[in-house]
Amino acid sequence: MDLRFGDSKPTDEERAAVDALLGPPESSWEGADRSDADLRWARGGREARDRRDQLLPALHALNDRVGWISEGALDYVCRRLTVPPAEAYGVATFYAMFSVRPRPATVLHVCTDLACTAAGASELVATVEARLGPQSGVKVERSPCLGLCERAPATLTIRAGTPARPAFEDEAVQAESGGPGAAAPGDGKGKGRRGRNTLHATAVCAPATPAGAIAAATAPETAPTEPAPETAVPQTGTPAPTLTLLHRIGTADPTSLDDYRAHGGYTALRRAFALGPAAVIREVTDAGLVGRGGAAFPTGRKWQATAAQPDHPHYLVCNADESEPGTFKDRVLMEGDPYALVEAMTIAAYATGAHRGYLYLRGEYPRALARVTHAIEQARTRGLLGDDVLGQGYAFDIEIRRGAGAYICGEETALFNSIEGHRGEPRSKPPFPVEKGLFGKPTVENNVETLVNVLPILTMGAEAYAAIGTPASTGPKLFCVSGSVARPGVYELPFGATLGELLTLAGVRDNLRAVLLGGAAGGFVRPDELDIPLTFEGTREAGTTLGSGVVMAFDDTVPLPRLLLRIAEFFRDESCGQCVPCRVGTVRQEEALHRIADRTGAAAADDIALLREVGRAMRDASICGLGQTAWNAVESAIDRLGAYE
């Protein structure tokens with residue numbers, strides 16, 4: 001039995017939003033006025049079904065224009081794409097950034113995840129909610145990590161139907177009081193079409209007051225320009241080891257293709273064309289590059305397996321949906337060096353025989369969206385994308401697909417389902433993506449940092465690249481440092497540097513209580529374990545994980561039980577619910593932590609034993625990494641830090 005929307009009709013504005021994306025309907029079967037021809041035959045069904053992958057962009061179009069998705073609007077999308085209403089409703093309700101119930105055009109998302117919780121997010125939420133009443137026309141929502149951990153506590157203002165104007169708290173406070181920066185004009189670099197998201201977060205070391213959040217949510221026309229991406233890279237402009245991945249950030253204009261090329265851009269692509277696809281894969285393999293998203297799978301093997309598949313077409317997917325709490329390195333790369341990602345995707349596609357690439361970008365990253373969109377357009381205009389890249393007879397182009405707030409879509413097969421217009425639920429493997437991935441075709445999937453590493457491999461050579469780091473973990477690595485440190489941000493160090501060396505660079509504060517490696521899916525280590533080498537093998541030997549490079553420091557003012565409870569809440573909210581171990585286990589984990597929050601010793605022993613049993617079940621039987629790692633941080637806090645003793 002399918003869902004029915006009854007007599008609900010879309011408004012003219014909703015129709016316009018969908019038609020701007022899909023084009024006008026061609027027959028009454030798609031929503032146009034009925035003609036005599038429509039009474040004699042049905043047209044367009046097969047073509048519409050072939051466009052099922054436009055479902056997520058259509059939902060974004062509605063949400064951007066109106067602020068929510070009505071029954072009439074959803075029904076119109078279903079008619080345009082020949083999607084069963086129940087399936088479309090399931091997709092629309094899967095993502096946190098969409099709403100199928102009326103809400104104000106302005107939504108203020110306040111991050112309540114780990115770094116922001118430690119920086120006073122709870123107090124910020126309470127004060128903002130008290131000061132922003134119903135008359136403000138602003139809805140306040142608690143949000144998981146927004147990828148702005150270096151400026152915690154962070155908020156994200158999404159305003160339907162208006163262009164974006166990003167702001168940060170210290171500047172917004174000045175705007176609210178009429179001080180310097182009030183009514184500052186934007187530089188025009190982050191502006192986009194109607195409905196583009198507005199980014200806001202507190203500035204580094206700024207007091208955690210609600211003034212900036214309220215100013216950004218209620219006075220968009222006077223909100224000042226946000227800080228440049230290099231403010232998130234403390235090594236920029238200071239005496240530091242030579243930067244490999246971050247060297248253009250703060251040096252080259254991220255909006256200028258000419259400036260990018262003047263700083264070495266497109267040298268790697270030219271060498272790739274000179275080498276040929278097989279030799280490029282060999283270089284990447286010899287360099288020892290492994291995935292930087294946490295799984296550490298050899299990149300060269302993945303590329304080779306995809307290139308060898310006889311089935312065509314091949315696809316390239318860049319996973320830019322970094323949603324792990326504490327992770328923001330891909331955002332900084334896309335905001336500060338977007339052409340590097342475009343060039344790296346082109347090389348990866350050339351090596352693997354792909355002519356179409358998809359960049360799946362977090363919906364909470366409006367500035368990255370604007371920067372990468374501009375870079376793709378400029379590259380296409382200058383012959384660096386399109387039917388004849390660099391005059392080499394090779395065709396390749398990139399399409400951006402926006403996520404909409406679902407941590408699970410960081411899993412590669414869930415990401416494929418999301419692009420295809422289905423709920424972002426993981427697939428069972430095998431078959432693996434290199435055999436049957438996006439649209440059932442061979443697909444290579446890498447994250448932003450992994451792809452950007454390909455550029456120095458080709459410019460300096462595999463041998464020189466492999467000389468950086470350790471024999472088992474080669475090359476440079478980006479680390480996202482936040483929490484109780486003086487200089488939070490993205491740091492680039494060679495593999496093999498110790499945790500203590502990284503925290504010294506970031507200015508770790510006194511009275512360090514614990515360090516979380518790998519984000520919510522990672523594990524805690526003690527202050528006496530700072531000599532752990534930051535390599536995949538070193539962290540594994542130490543009984544923890546490097547993950548995607550998250551390093552969150554917490555001093556003794558941060559209540560550890562509250563952090564653990566927030567981790568449990570995060571996994572409960574983000575579980576897609578497809579498999580029982582994860583769907584039930586994440587709920588049981590949170591319930592047990594609630595019960596023992598105010599108890600220690602023998603009183604908590606039974607619930608700790610239950611936590612261990614539930615954790616083992618999730619780890620052994622969950623379909624994907626979300627359920628398999630949901631117990632890691634809690635387990636490490638109990639065993640290594642003595643939580644609840």
Side-chain angles (χ1 to χ4, degrees), residues 14 17-18 21-22 52-70 73-74 77-78 81 83 87-101 103 105-109 111 113 139 141-148 156-161 164 192-199 317-324 330-331 334 358-370 372-373 399-426 438 570 573-578 626:
E14 290 168 338
V18 175
L21 174 74
L22 302 178
R52 170 70 183 255
D53 67 295
Q54 293 297 312
L55 178 56
L56 186 58
L59 297 178
H60 267 299
L62 290 167
N63 199 64
D64 288 348
R65 183 73 67 91
V66 183
W68 67 288
I69 302 165
S70 69
L74 191 58
V77 170
C78 292
L81 299 177
V83 175
E87 293 186 23
Y89 183 83
V91 173
T93 55
F94 185 83
Y95 298 96
M97 295 181 70
F98 295 151
S99 175
V100 294
R101 293 180 176 83
R103 65 179 178 184
T106 300
V107 180
L108 177 64
H109 298 269
C111 179
D113 240 315
K139 180 177 176 56
E141 291 187 356
R142 290 168 172 79
S143 171
C145 184
L146 295 172
L148 292 163
L156 172 71
T157 303
I158 299 178
R159 183 169 294 101
R193 65 180 185 276
R194 289 170 54 86
R196 186 70 53 82
N197 296 354
T198 304
L199 190 63
V317 173
C318 176
N319 185 347
D321 191 55
E322 57 171 4
S323 303
E324 185 69 48
D330 289 352
R331 170 181 64 83
M334 290 185 289
Y358 288 88
L359 173 62
Y360 191 89
L361 180 61
R362 261 195 96 173
E364 296 92 339
Y365 283 177
R367 185 175 192 173
L369 173 64
V372 178
T373 299
E399 182 176 347
I400 297 177
R401 291 296 176 92
R402 295 161 60 195
Y407 171 76
I408 190 63
C409 287
E411 198 276 338
E412 57 184 359
T413 60
L415 185 156
F416 299 157
N417 278 338
S418 181
I419 291 177
E420 292 176 15
H422 302 283
R423 289 168 60 88
E425 297 174 341
L438 184 65
F570 172 81
D573 289 340
E574 297 296 340
S575 173
C576 73
Q578 181 181 197
L626 188 152

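Positions are given from 1 along the sequence. For the numbers below, each heavy atom of this structure counts, side chains included, while hydrogens, waters and symmetry mates do not.
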| field | Pairwise distance CE(M97) to CG(D64) - rounded to 0.5 angstrom | value | 8.0 Å

| query | Where is the tightest heavy-atom contact between V83 and R52, given as atom of each residue plus distance? | reply | CG2-CD, 3.4 Å

| said: Aromatic contact between H422 and F416, with the criterion being ring centroids under 6.0 Å apart: yes or no? | reply: no

| Rounded to the nearest 0.5 Å, what separation is found between the SG atom of C111 and the CG atom of L146? | 4.5 Å

| task | Check for a donor-acceptor pair, side chain of R331 on one end and backbone N or O of G147 on the other, with a separation under 3.5 Å. | result | yes

| If you take all heavy atoms of Y360 and G403, which pair is closest and at what distance? | OH-CA, 3.5 Å

| request: Please confirm whether the backbone N or O of D330 pairs with a side-chain atom of E322, one donor and one acceptor, at under 3.5 Å? | output: yes

| request: Quick one: closest heavy-atom pair of A404 and Y95, and the distance? | output: O-CB, 3.3 Å

| Any side-chain heavy atom of E399 within less than 4.5 Å of one from L359? | no

| task | Measure from the side-chain N and O atoms of R401 to the backbone N and O of E420, and report whether any donor-acceptor pair falls under 3.5 Å. | result | no

| query | Are the side chains of H109 and I158 in touch, meaning some heavy atoms are under 4.5 Å apart? | reply | yes

| query | Rounded to the nearest 0.5 Å, how far apart are OH of Y407 and CZ of F570? | reply | 5.0 Å

| Qualifying residues under ring-ring contact (aromatic ring centres under 6.0 Å, His included), relative to F94, sequence neighbours excluded | none

| Hey, is the main chain of G67 close enough, under 3.5 Å, to the side chain of R103 for a donor-acceptor pair? | yes

| remark: Looking only at heavy atoms, the pair that brings L369 and T373 closest together is O-OG1, 2.6 Å

| Working for salt bridge (Lys or Arg N to Asp or Glu O under 4.0 Å), residues E364 and R402 | CA-CA 9 Å; E364 296 92 339; R402 295 161 60 195; over 6 Å; no

| message | Any heavy-atom pair between the side chains of T157 and V107 that's under 4.5 Å? | response | no

| remark: Taken to the nearest 0.5 Å, the spacing of D573 CG from R142 CZ works out to 12.0 Å

| Who pairs with E14 by salt bridge (Lys or Arg N to Asp or Glu O under 4.0 Å), at least two apart in sequence or on another chain? | none

| message | Within the 4.5 Å heavy-atom criterion, are L74 and L59 side-chain neighbours or not? | response | yes

| Which residues satisfy the side chain to side chain donor-acceptor pair (under 3.5 Å) test with T106, sequence neighbours excluded? | R159

| request: Start with the C-alpha distance between V18 and L62, add both sets of side-chain angles, then the distance that settles side-chain contact (heavy atoms from CB on, under 4.5 Å), and finish with yes or no. | output: CA-CA 7 Å; V18 175; L62 290 167; 3.7 Å; yes

| query | Any donor and acceptor pair, going by atom type alone, linking the side chain of S323 with main-chain N or O of D321 inside 3.5 Å? | reply | yes

| Say you draw a straight line from CG of L626 to CD1 of I408; how long is it, rounded to the nearest 0.5 Å? | 4.5 Å

| query | So how far is it from I419 CD1 to L55 CG, rounded to the nearest 0.5 Å? | reply | 13.0 Å

| Would a distance-only check, ignoring hydrogens and angles, find a side-chain to backbone donor-acceptor pair under 3.5 Å from T93 to Y89? | yes

| said: Using the ring-ring contact (aromatic ring centres under 6.0 Å, His included) criterion, which residues pair with Y358? Sequence neighbours excluded. | reply: none

| said: Using every non-hydrogen atom in the two residues, find where L56 and S418 come nearest and quote the distance to one decimal. | reply: CD2-OG, 3.5 Å

| Looking at residues at least two apart in the chain, or sitting in another chain, which of them share a salt bridge (Lys or Arg N to Asp or Glu O under 4.0 Å) with R423? | E425

| E324 vs C145 side-chain heavy atoms within contact, under 4.5 Å | no

| field | Residue list, salt bridge (Lys or Arg N to Asp or Glu O under 4.0 Å) with E412, at least two apart or on another chain | value | K429

| task | Specify the closest pair of heavy atoms between C576 and G424, including all atoms of both residues, with the distance to one decimal. | result | CB-O, 4.5 Å

